[in-house]
Amino acid sequence: MTELPRIPLAGVIGTPIAHSKSPQLHRHWLKTYGITGHYIPMDIAPDDLETVLRTLPKMGFVGVNITIPHKEKVMEIADLVTDRAILIGAANTLIFRKDGKIHADNTDGYGFIENLKDGAPQWNPRSGPAVVLGAGGAARAVISSLLEAGVPEIHLSNRTRIRAETLQKDFGSRVFVYDWVQAGNIIDDAALLVNTTSLGMIGKPELRVPLDGLRPQTVVTDLVYAPLKTKMLATAEEYGCVTVDGLGMLLHQAVPAFERWFGRRPEVDRATRAAALR
Ligand code: NAP
């Protein structure tokens, strides 16, 4: 009797998980490319994480995405961790290898840069400093990818200054730290302005950094994607800036994972955006 191939399974692990857009996204690609496979959201408590991760490959899982609050913990569980995940200090993608080893990577920085290339193709990383607002987990991925892309300087400002200083220590001499109250004063020579704080997101306070120093040449992007057009992006548009919303980062960060798990590199196009927004 010929053995039927195993149906590949993937998913996303976090808690809570019901809000995640990843299932819609991956299911859209599975359907678009006619791939037999499934993508499942899994609400897993921190204490159960390791047991679940060691069990999933036996159940036919080829990998999973990892989200809050497990992105750091998973680094201790994985058998192999990429350099960029180590630098960022968190992983968002796991690959369950055939030899039983768990491979951890972080694709957030890749997603961030690909989204910028898509939404602001004229942006040249070497053309000037990038101003980064915020110093949380997402900021680490953004800073690491900007430095790798060749941005000459990063001007970093965060409400809690010490968190920004920690990033400066980790990422080196091209990162300069400014007080949060100064954030509005450092944007006038920026080639790129990035909001990596959660400010402006539905249910959170607005970002109150003054934007009147913005020049039309500055590309402005927000990691927040709910709402899609944040107040920061709307104001930047009024100043004549090219703006890039945060949804594309979410879509692009999923591309390498889908390719590794299901063997097909997916396109990020209008239909993909629509599927994620459904
Ligand atoms: P995080 O680690 O919790 O960091 C939150 C950041 O927001 C910190 O810099 C924090 O400053 C700042 N912040 C929060 N409340 C503030 C306030 N009232 N005033 C000033 N600053 C405040 O979160 P994260 O994982 O970095 O995520 C940040 C945002 O990026 C979230 O909205 C998340 O949804 C979004 N994100 C989007 C994508 C995407 O694919 N588009 C990917 C990752 C994250 P302090 O250090 O002072 O607390």
Side-chain angles (χ1 to χ4, degrees), residues 12 14-17 19-22 24-26 65-74 84-85 88-93 105-119 131-146 154-168 170-171 175 177-184 193-210 220-233 243-258 268 272-273 276-277:
V12 56
T15 185
I17 202 62
H19 66 286
S20 173
K21 291 191 184 300
S22 295
Q24 285 138 266
L25 171 62
H26 285 273
N65 285 126
I66 299 291
T67 188
I68 291 166
H70 305 311
K71 282 180 156 190
E72 289 86 18
K73 171 89 187 293
V74 85
R84 62 182 169 180
I88 294 165
N92 69 345
T93 303
D105 194 6
N106 192 314
T107 62
D108 275 340
Y110 166 85
F112 172 73
I113 293 288
E114 289 303 304
N115 187 35
L116 270 180
K117 283 189 196 161
D118 244 16
V131 168
V132 175
L133 305 176
R140 295 186 74 91
V142 165
I143 291 172
S144 124
S145 66
L146 286 174
I154 292 183
H155 299 174
L156 173 64
S157 184
N158 189 51
R159 175 182 60 174
T160 312
R161 188 182 163 105
I162 186 122
R163 278 186 102 183
E165 285 171 348
T166 303
L167 262 70
Q168 186 186 37
D170 292 350
F171 289 101
V175 178
V177 173
Y178 297 84
D179 281 339
W180 188 233
V181 287
Q182 277 182 285
L193 170 64
V194 191
N195 175 38
T196 78
T197 76
S198 46
L199 296 172
M201 194 171 150
I202 292 168
K204 300 273 178 173
E206 280 302 337
L207 179 78
R208 303 226 176 271
V209 171
V220 180
T221 185
D222 203 328
L223 264 56
V224 170
Y225 55 82
L228 262 187
K229 190 186 281 188
T230 58
K231 281 242 170 71
M232 182 181 91
L233 294 184
T243 63
V244 184
D245 70 49
L247 182 65
M249 174 175 169
L250 182 82
L251 308 182
H252 281 285
Q253 63 78 30
V255 167
F258 187 91
V268 173
T272 315
R273 275 179 77 87
L277 289 171

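Quick caveat: nothing in here was measured; it's all calculated off a predicted structure. Numbers here simply count residues along the sequence, with the first being 1. As the structure lists them, so they are numbered: ligands from 1, and atoms in each ligand from 1.
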> Among I162, T197, L223, whose heavy atom sits nearest atom 12 (C) of ligand 1?
Replying inline: T197
> Numbering the atoms of ligand 1 from 1, which are under 4.0 Å from a heavy atom of G246?
Replying inline: 39 (C), 41 (N)
>> Please report whether ligand 1 has a polar contact with Y225, defined as an N or O pair separated by less than 3.5 Å (distance criterion only).
In response: no
> Taking heavy atoms and a distance under 4.0 Å, where does R163 meet ligand 1: side chain, backbone, both or neither?
Replying inline: side chain
>> Within a 6.0 Å radius of atom NZ on K73, are there more than 12 heavy atoms belonging to other residues, nucleotides or ligands?
In response: yes
> Any chance the side chains of T230 and D222 put a donor and an acceptor closer than 3.5 Å?
Replying inline: yes
> T196 side chain to L133 main-chain N or O, any donor-acceptor pair under 3.5 Å?
Replying inline: yes
> Around K21, counting heavy atoms of other residues, nucleotides and ligands shown, do more than 12 lie under 6.0 Å from its NZ?
Replying inline: yes
> Should you measure from each heavy atom of S198, which atoms of ligand 1 turn up under 4.0 Å away?
Replying inline: 7 (O), 14 (C), 31 (C), 32 (O)
> Identify the closest protein heavy atom to atom 28 (C) of ligand 1: which residue and atom is it, and at what distance?
Replying inline: T196 O, 3.1 Å
> Run the side chain to side chain contact (heavy atoms under 4.5 Å, CB included) check on F112 and L146 step by step: do they pass?
Replying inline: CA-CA 9 Å; F112 172 73; L146 286 174; 3.7 Å; yes
> Nearest protein heavy-atom contact for atom 20 (C) of ligand 1: which residue, which atom, what distance?
Replying inline: L199 CD1, 3.4 Å
> For ligand 1, which atoms sit closer than 4.0 Å to a heavy atom of G137?
Replying inline: 2 (O), 26 (O)
> Protein heavy atoms: any of them under 4.0 Å from atom 33 (C) of ligand 1?
Replying inline: no
> Which of these, R159, M249, E206, has its nearest heavy atom closest to atom 22 (C) of ligand 1?
Replying inline: R159
>> Could you report the tightest heavy-atom contact between A141 and D108, atom names first, then the distance?
In response: CB-CB, 3.7 Å
> With atoms numbered from 1 as shown, which atoms in ligand 1 lie under 4.0 angstrom from a non-hydrogen atom of G136?
Replying inline: 2 (O), 4 (O), 9 (O), 26 (O)
> Which is closest to atom 26 (O) of ligand 1 in terms of heavy atoms, A226, A90, A138?
Replying inline: A138
>> Give the atom numbers and elements of ligand 1 that come within less than 4.0 Å of a heavy atom of L250.
In response: 40 (O)
> Which of the atoms in ligand 1, numbered in the order shown and given with their element, are less than 4.0 Å from a heavy-atom of V224?
Replying inline: 32 (O)
> Do R273 and D245 come close enough that some side-chain heavy atom pair is under 4.5 Å?
Replying inline: yes
>> For atom 45 (P) of ligand 1, what is the closest protein heavy atom, and at what distance to 0.1 Å?
In response: T160 OG1, 3.4 Å
> Do any non-hydrogen protein atoms sit less than 4.0 Å from atom 3 (O) of ligand 1?
Replying inline: no
>> Using a 4.0 Å cut-off to any heavy atom of G134, which atoms of ligand 1 qualify?
In response: 9 (O)
> Considering all heavy atoms of both residues, which atom of N158 and which atom of G134 are nearest to each other, and what is their separation?
Replying inline: OD1-CA, 3.3 Å
>> With a heavy-atom distance limit of 4.0 Å, tell me whether N158 approaches ligand 1 through its side chain, its backbone, both, or neither.
In response: side chain
> Between E72 and A90, is there a donor-acceptor pair closer than 3.5 Å when you use the side chain of the first and the backbone of the second?
Replying inline: no
>> List ligand 1 atoms under 4.0 Å from M201, heavy atoms only on the residue side.
In response: 32 (O)
>> With a 4.5 Å cut-off on side-chain heavy atoms, are T197 and R159 touching?
In response: no
>> If you define the side chain from C-beta out and look only at heavy atoms, does anything of M232 sit under 4.5 Å from V224?
In response: no
> Can a non-hydrogen atom of A135 be found less than 4.0 Å from any atom of ligand 1?
Replying inline: yes
> Where do N65 and H26 land on the side chain to side chain contact (heavy atoms under 4.5 Å, CB included) test, with the steps shown first?
Replying inline: CA-CA 11 Å; N65 285 126; H26 285 273; 3.5 Å; yes
